[in-house]
**Q** 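Below: one structure in structure tokens.
Order of the sequence lines fixes the chain letters, A, B, ..., with proteins taken first and strands second; residue numbering starts at 1 for each chain.
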Protein chains: 2
Amino acid sequence: MNISSLQKVRYAYKPKLPENLSGSVDDIAVEFGSPTEAISDKEEIRGIFKNTYGKPLATFTKGKNKKIKRELKVGVILSGGQAPGGHNVIAGLFDGLKKGNSESTLYGFLGGPGGLIDNKTIILTHEIIDEYRNTGGFDIIGSGRTKIETPQQFALSLKTAKNLNLDAIVVIGGDDSNTNAALLAEYFTANGSTIQVIGCPKTIDGDLKNEHIETSFGFDTACKTYSELIGNICRDTNSAKKYWHFIKLMGRAASHIALECAFQTQPNICLISEEIEEKKLSLDQIIDQICDSIVKRSENGDNFGVVLIPEGLVEFVPEIKKLINELNDAIAAEEKSFAQNSNFIDQLYWLSTRLPESSYRAMQMLPPEISHQFLMDRDPHGNVQVSRIDTEKLLVGMVEKKLAEMKEKKHYNGKFSALTHFFGYEGRCAFPSNFDADYCYSLGFGAFVLIACGLTGYLSNVKNLVSPAEKWIAGGVPLTMMMNLEQRHGSKKPVIKKALVDLYDKPFKEFEKKRTAWAVQTCFLVPGAIQYFGPPEVCETTTVTLKLEHCL
Amino acid sequence: MNISSLQKVRYAYKPKLPENLSGSVDDIAVEFGSPTEAISDKEEIRGIFKNTYGKPLATFTKGKNKKIKRELKVGVILSGGQAPGGHNVIAGLFDGLKKGNSESTLYGFLGGPGGLIDNKTIILTHEIIDEYRNTGGFDIIGSGRTKIETPQQFALSLKTAKNLNLDAIVVIGGDDSNTNAALLAEYFTANGSTIQVIGCPKTIDGDLKNEHIETSFGFDTACKTYSELIGNICRDTNSAKKYWHFIKLMGRAASHIALECAFQTQPNICLISEEIEEKKLSLDQIIDQICDSIVKRSENGDNFGVVLIPEGLVEFVPEIKKLINELNDAIAAEEKSFAQNSNFIDQLYWLSTRLPESSYRAMQMLPPEISHQFLMDRDPHGNVQVSRIDTEKLLVGMVEKKLAEMKEKKHYNGKFSALTHFFGYEGRCAFPSNFDADYCYSLGFGAFVLIACGLTGYLSNVKNLVSPAEKWIAGGVPLTMMMNLEQRHGSKKPVIKKALVDLYDKPFKEFEKKRTAWAVQTCFLVPGAIQYFGPPEVCETTTVTLKLEHCL
């Protein structure tokens, strides 16, 4: 194995644990609250989770726990996209298990949930775990996007778990994966198995959060990595004074990443998808808003700036959302006929008689290289792959057009030259920040305690995250209490509700207060690279979002 | 001014100085070697630099220096693209000047050499300097790309310098800017002025180096920043196991950045422009080389990988270089006629009767979105803007085509899905690494000593950089000794010779030894973010290139 100097010294980092997870394991007991309810659609969800619905919140507390030292066999799954800290969840779980009983075994399912279905595992040893402590990536056992959906997949999963003689499975994943974890917990119990299922809240997107989950792991590190790059670009453009940088940021549906990076770097513009949807802004209105800042800055002699764009933006612009839906429908209806078009011109012509006129016109108004992207690279379900659309280039093209019109009318007299960037893969596997390293380790250790206490259908949680780690409070949240019913592939399904940016909550309100000044003045902040060592103010802080949400 | 936490703590960093620049300034004397000669075209260069040719190498040494404490007035210019550490050169120069005499004055010319021509300056005070210590960017006074070329520009420069009553001007720049500094030094002396000119070696590209200049500043920090991102992507693709990432790296002519990043991250493939030119590799041969790795890895079940591509690559591929030259010639010959083509199809048609057949065929073989880039966005001289060509997408397009052919012939049976990236602006303004912070501060302080010793036409230099900073050796190199004549815009001009990657030197030899294994196995290294604090092995190291070049 190849190891960088930083990786070597990070091995020595000892993640901090909350006080209620420190000390001797047989002094960690669990305290329960009252029974819980789903956030909505209570009856339907109770019907689906007959055996696991409505459990009480769990908090760890000081107290004798005799059960905790028994030998356990646990399997762990990494599910979905990478997020910094996944390895530390596994390390925390492993250390907990071994602290409880050195004979306990941790299996890793290879390549995501598929490893459970197909019975592909390795035994995670001290040697293996030590190679991955405090590192980024999911390469210890690999990840995957397979969902356990069919009756056969559920049956195979149970079979694998029984064959390995497992006491529990830990699923490290986002909202979808944890919904899956809840269904698995229910399935096991309904089928007379005592095998428990525990989830851990992962996703750089930051959209798996609620009253009990303050943040998902990886969000902190990913935002810091993107903010490092954005800040460097801010400083560059303020030195060269000749480019507008349009930067698209990963984060499919929610704009949490863009918003957090905006706090960390103070760009001229940060678009928030949720606001665009709520205010039903058209593409033209978004372009006007960007041009307004460009023109005002240009009047001050500043023909440069930075614009942040959330990846999912196009799906939140009502006219584009409509276009995408109608495109998907038109193509789905006559899939084979569409496939016979061998080039873009033919595809457009084919669509001209099938798309509603307004959408066909919207399609024609887009720069051709962009409308082309709506038609190529469709996903396995035949849908537009929104992540492949160069929204940043779409916006630049439309801004250039608008500015040319304004110049014609003598409403603008500046220079506009734009560069585009997309940051995503750069941040998903960074070495976890100290915050994420500690948080993940605590989540993993907490998952062990939940297992040892015999619980199933819970998400490991750690609260009070804006305080120092020793004051964090670890426990478990029943998965069913975070659920509602949503339309998925034509039918209502129980899902964990995604947390989008709340336009009435403190982070957005704070952003709203500041953005008018940012749009015109140069207020750039340059946070620099993530620091793992040094003064606490540079290596022990977490996101601005968390602070705004949880500090008075 | 907005300041991040890291910026605040970086203010407190005290850059390390070589022993021969430490202690009391009046104990720093200068020792001279023998007269020097230009690297070639000696007579012509002596003829151009009648007053400043052939000066001896200067090294600082312990000894009484009475002159050093006199009051000085100095102006400083940041020239060309940003590189991390520029602010520290200015801080080192400032601190040296003030240590010599608290009445000394440092002027900053605003917006690059244009500030000297147009007499746009600010006085740099303690308050201003302190706001920029150990920060990235050139925003303290801005930079610019104006060259002092015309007799009028030289005259205006002298006029500004005389008006300010300057003793000296310091030019912080790359090879071109330092060539300009040499011409300015000669012009001043030839015109009876005693105003001195001193250069400092800046460029992230790393191509301003020779026997006396071990590295240019900014190269270390920029490579570390790009390597952070490449390493994270390596880890990501080794976790997700489904993408080939094609990453283009800034660095116009030379491939030093790509080579250094390859050492730091061990990707599957790193193309080196200089090798491609030397071996006269065609695009097809490059594609074959990439496909060879893809196929072999795929046979091991690894349908993922990382390819590094130097920005200037296309200019080094003989057939593309020819195409670019012939395109530039054809368009230059009939500029107005070409401009009448309103779209790409018309442009192609226009070229069909004007380009030599082989080049027209090469043009047609390129993916259309790429050949389009050859024709749009031409620079002010009407030339193809090589930096705007998406080489990474060009390669992906051609690799896809080749793999499809191989699949047809049953020579390949893997999956290939590619993502592209371009890193450049992300690294030019990062907070300088401790190495660059120290190196730059020493260069600036050394520039002060060169000035105080009455020297002109010198480049500030610091040698022995692989040792700890106190063992570094500061001095000055006569600019004319690094020069040769080169063809520029139709005539021979004296220029500082660019250092390209030397295929016979240790770094490339080392790379050659290792790359065969990297191409097939997964040998990725993940260096992580630049660390400014922590154990010396993570925060006090410099580039692998420097170590290979200077360690036995």
**Q** Heavy-atom distance under 4.5 Å to chain B: side chain of A:Ser417, backbone, both or neither?
**A** side chain
**Q** At a heavy-atom distance under 4.5 Å, which candidate from A:Ile141, A:Thr135, A:Leu78 has the highest pair count against chain B?
**A** A:Thr135
**Q** Between A:Gln531 (side chain) and B:Gln531 (backbone), is there a donor-acceptor pair under 3.5 Å?
**A** no
**Q** Which one, A:Cys523, A:Ala529, A:Ser143, leads in non-hydrogen pairs under 4.5 Å with chain B?
**A** A:Cys523
**Q** With a 4.5 angstrom heavy-atom cut-off, is it the side chain or the backbone of A:Tyr243 that approaches chain B, or both, or neither?
**A** side chain
**Q** Non-hydrogen atoms of chain B under 4.5 Å away: do they reach the side chain of A:Gln264, the backbone, both or neither?
**A** neither
**Q** B:His421 vs A:His421, test: side-chain contact (heavy atoms from CB on, under 4.5 Å). Steps then yes/no.
**A** CA-CA 8 Å; B:His421 311 263; A:His421 311 262; over 6 Å; no
**Q** Which atoms of A:His87 come close to chain B, meaning under 4.5 Å heavy atom to heavy atom: side chain ones, backbone ones, both, or neither?
**A** side chain
**Q** Could you tell me which of A:Phe431, A:Phe524, A:Phe423, A:Tyr425 has the largest number of non-hydrogen atom pairs under 4.5 Å with chain B?
**A** A:Tyr425
**Q** Counting neighbours of NZ on A:Lys241 that are heavy atoms of other residues, nucleotides or ligands and sit closer than 6.0 Å, is the number greater than 12?
**A** yes
**Q** So, taking the atom named CZ in A:Phe138 and the one named CG in B:Asn238, what distance separates them when rounded to the nearest 0.5 Å?
**A** 13.5 Å
**Q** Quick one: does any side-chain atom of B:Arg235 pair with a main-chain N or O of A:Gly136 as donor and acceptor, under 3.5 Å?
**A** yes
**Q** For A:Gln82, which atoms come within 4.5 Å of any heavy atom of chain B: side chain, backbone, both, or neither?
**A** side chain
**Q** How long is the straight-line distance from CZ of B:Phe422 back to OG1 of A:Thr420, given to the nearest 0.5 Å?
**A** 10.5 Å
**Q** Restricting to non-hydrogen atoms, name the atom on A:Leu6 and the atom on B:Gly528 that form the minimum distance, rounded to 0.1 Å.
**A** CD2-CA, 3.8 Å
**Q** Where on A:Val9 is there a heavy atom nearer than 4.5 Å to chain B: the side chain, the backbone, both, or neither?
**A** side chain
**Q** Of all heavy-atom pairs between B:Val526 and A:Ser4, which one has the smallest distance, and what is that distance?
**A** O-OG, 2.7 Å
**Q** For the atom pair CG (A:Leu229) and CG (B:Leu229), what is the distance rounded to the nearest 0.5 Å?
**A** 5.0 Å
**Q** Please state whether the side chain, the backbone, both or neither of A:Lys8 comes within less than 4.5 Å of a heavy atom of chain B.
**A** neither
**Q** Contact part of A:Arg10 toward chain B, heavy-atom cut-off under 4.5 Å: side chain, backbone, both or neither?
**A** neither
**Q** Which residue out of A:Ala240, A:Pro84, A:Gly144 racks up the most heavy-atom pairs below 4.5 Å with chain B?
**A** A:Ala240
**Q** Walk me through it: do B:Thr225 and A:Glu228 pass the test side-chain contact (heavy atoms from CB on, under 4.5 Å)?
**A** CA-CA 10 Å; B:Thr225 304; A:Glu228 171 200 358; 4.0 Å; yes
**Q** How long is the straight-line distance from CG of A:Asp139 back to OG1 of B:Thr237, given to the nearest 0.5 Å?
**A** 11.0 Å
**Q** Between the main-chain N or O of B:Asp236 and the side-chain N or O of A:Arg428, is there a donor-acceptor pair closer than 3.5 Å?
**A** no
**Q** Kindly say whether B:Gly142 contributes a backbone atom to a donor-acceptor pair with the side chain of A:Ser239 at under 3.5 angstrom?
**A** no
**Q** Could you tell me which of B:Pro535, B:Gly112, B:Gly81 has the largest number of non-hydrogen atom pairs under 4.5 Å with chain A?
**A** B:Pro535
**Q** Going through the checks in order, is the side-chain contact (heavy atoms from CB on, under 4.5 Å) test met by A:Tyr532 and B:Val538?
**A** CA-CA 11 Å; A:Tyr532 302 97; B:Val538 298; over 6 Å; no
**Q** Heavy-atom pairs under 4.5 Å with chain A - which of B:Cys539, B:Ala430, B:Cys234 has more of them than the others?
**A** B:Ala430
**Q** Just by distance, no angles: are the side chains of B:Asn232 and A:Glu426 close enough, under 3.5 Å, to form a donor-acceptor pair?
**A** no
**Q** Which bit of A:Leu419 is near chain B, if near means a heavy-atom gap under 4.5 Å: side chain, backbone, both or neither?
**A** side chain
